[in-house]
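All remarks here apply to the structure that follows.
Numbers here simply count residues along the sequence, with the first being 1.
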Amino acid sequence: MKQVLKTTSYLLFFLLIFQSCNKIIDSVGSSGIDEVSVEDLKKIDVNNIYSISIPDYMSEMKSLNEDASLQYANIFKETYTIVIDENKQDFINAFKNAEIYNDSISPLKNYVDCQVNSITESVEDGKSNKSDAPLRIKNASQYEITGKIDGIDISYLIGFVEGKENMFMMMSWTTKNRFKKYKNTFNLIHNSLKLKQ
């Protein structure tokens with residue numbers, strides 16, 4: 001019985017410490033702006049198709065999205081970035097076969113409309129709007145999407161780029177209370193995309 005009480009006391013003690021540390025980390029993590037500059041980014045070359053630059057504090061994490069050609073994260077800062085690239089003609093053909101391709105708008109607009117709608121519908125209370133942090137890349141568009149996943153408020157910055165042969169979706173996200181802090185960093189990442197086609 002004494003052993004059970006002792007074990008319970010230890011568990012309660014560690015639980016209390018863990019909760020206190022989490023509150024401290026959350027309060028520090030959500031305050032201020034992430035002061036990252038272009039010089040703080042490391043360039044990543046991907047499959048001889050594109051390069052993109054990621055903050056030094058993010059590491060490769062191959063479990064974020066099976067369709068992504070690039071997956072980086074920092075689980076302590078709760079920052080995540082992936083890039084999905086797909087063949088443009090395959091995308092157009094698939095949409096035409098499904099009779100959902102709109103010939104009166106560009107391939108980029110078709111891609112953006114589909115992806116934004118899909119992501120917004122996949123999160124609880126999803127809302128999307130065109131971002132005030134535009135991409136300085138030709139044939140590009142950027143959106144912000146907010147919603148809940150498993151009860152957690154999430155905010156995404158999603159950039160779309162139409163290349164000569166591929167369509168690209170850059171998706172960076174964090175918890176809603178940290179988004180303001182990391183939005184400029186996410187925009188730096190997205191604007192660092194260089195196509196090699």
Side-chain angles (χ1 to χ4, degrees), residues 11 14-36 41 52 54-55 57-86 91 94-95 98 100 108-135 140-161 167-193:
L11 286 173
F14 286 116
L15 182 61
L16 180 64
I17 287 176
F18 180 74
Q19 285 178 330
S20 297
C21 288
N22 262 351
K23 286 181 182 179
I24 292 168
I25 290 169
D26 281 345
S27 68
V28 169
S30 62
S31 62
I33 301 291
D34 191 30
E35 298 292 335
V36 171
L41 303 177
I52 195 165
I54 303 292
Y57 60 72
M58 295 177 90
S59 302
E60 190 169 26
M61 180 179 277
K62 295 189 178 203
S63 60
L64 296 174
N65 184 301
E66 64 184 32
D67 296 325
S69 54
L70 177 128
Q71 304 175 66
Y72 274 74
N74 182 308
I75 59 172
F76 301 106
K77 291 179 181 278
E78 296 183 303
T79 55
Y80 306 88
T81 294
I82 65 171
V83 177
I84 296 174
D85 61 274
E86 53 188 300
F91 151 74
F95 270 48
I100 56 174
L108 178 65
K109 181 75 170 128
N110 275 282
Y111 189 68
V112 168
D113 289 351
C114 171
Q115 295 291 5
V116 168
N117 289 338
S118 176
I119 295 164
T120 303
E121 291 172 5
S122 71
V123 296
E124 186 182 335
D125 300 327
K127 293 179 180 67
S128 66
N129 60 321
K130 198 152 172 101
S131 179
D132 62 356
L135 288 170
S141 186
Q142 190 150 256
Y143 281 77
E144 293 177 27
I145 297 177
T146 59
K148 289 184 181 187
I149 296 178
D150 297 329
I152 299 170
D153 289 318
I154 304 290
S155 293
Y156 299 88
L157 185 65
I158 305 176
F160 302 94
V161 177
M167 304 299 288
F168 298 86
M169 179 172 65
M170 302 170 287
M171 179 184 273
S172 296
W173 70 94
T174 188
T175 55
K176 187 176 180 181
N177 66 331
R178 294 174 184 233
F179 187 69
K180 184 176 178 182
K181 177 175 184 165
Y182 293 108
K183 181 178 174 181
N184 289 337
T185 300
F186 293 159
N187 198 45
L188 269 177
I189 294 168
H190 294 188
N191 274 298
S192 74
L193 180 77

For this session: Pick out which of Leu70, Ile84, Leu135, Ile82 makes a side chain to side chain contact (heavy atoms under 4.5 Å, CB included) with Met170.
Result: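 That would be Leu135; it is the only one of Leu70, Ile84, Leu135, Ile82 passing the side chain to side chain contact (heavy atoms under 4.5 Å, CB included) with Met170.
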
Seminar exercise, completed: Test side chain to side chain contact (heavy atoms under 4.5 Å, CB included), reference Met171, set Ile145, Ile119, Asn65, output is Ile119

Exercise. Which of these passes ring-ring contact (aromatic ring centres under 6.0 Å, His included) with Tyr80: Phe179, Phe186, Trp173, Tyr156?
Worked result: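 In the set Phe179, Phe186, Trp173, Tyr156, the residue that makes a ring-ring contact (aromatic ring centres under 6.0 Å, His included) with Tyr80 is Trp173.
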
Mark yes or no for whether [X], through its side chain, and [Y], through its backbone, hold a donor-acceptor pair below 3.5 Å.
X      : Y      : value
Glu78  : Thr175 : no
Ser118 : Cys114 : no
Ser192 : Ile189 : yes

Side chains of [X] and [Y], heavy atoms from C-beta outward: is any pair under 4.5 Å?
X      : Y      : result
Leu157 : Tyr182 : no
Val161 : His190 : no
Val116 : Ile158 : no
Ser155 : Lys176 : yes

Please round to the nearest 0.5 Å and tell me the distance separating atom [atom1] of [X] and atom [atom2] of [Y].
X      : Y      : atom1 : atom2 : result
Thr146 : Ile154 : OG1   : CD1   : 10.5 Å
Asn74  : Ile54  : CG    : CD1   : 12.0 Å
Thr79  : Met58  : OG1   : CE    : 4.0 Å

For this session: Measure from NZ or CZ of Lys77 to the centre of the six-membered ring of Tyr57, then state whether that distance is under 6.0 Å and the direction lies within 45° of the axis.
Result: yes

For this session: Measure across Pro55 and Leu41 and return the closest heavy-atom pair with its distance rounded to 0.1 Å.
Result: N-CD2, 3.4 Å

Exercise. Looking only at heavy atoms, which two atoms of Met61 and Ile75 are closest? And how far apart?
Worked result: CE-CG2, 3.3 Å

Counting only pairs under 3.5 Å, give me each side-chain donor-acceptor contact of residues 124-133, with atom names and distances, residues two or more places apart or in other chains.
{"from": "Lys130", "atom 1": "NZ", "to": "Ser141", "atom 2": "OG", "distance (Å)": "3.0"}
{"from": "Ser131", "atom 1": "OG", "to": "Ala133", "atom 2": "N", "distance (Å)": "2.9"}
{"from": "Ser131", "atom 1": "OG", "to": "Glu144", "atom 2": "OE2", "distance (Å)": "3.0"}
{"from": "Asp132", "atom 1": "OD1", "to": "Lys183", "atom 2": "NZ", "distance (Å)": "2.4"}

Exercise. Side chain to side chain donor-acceptor pair (under 3.5 Å) between Tyr111 and Glu86: does it pass, once the steps are laid out?
Worked result: CA-CA 11 Å; Tyr111 189 68; Glu86 53 188 300; 2.9 Å; yes

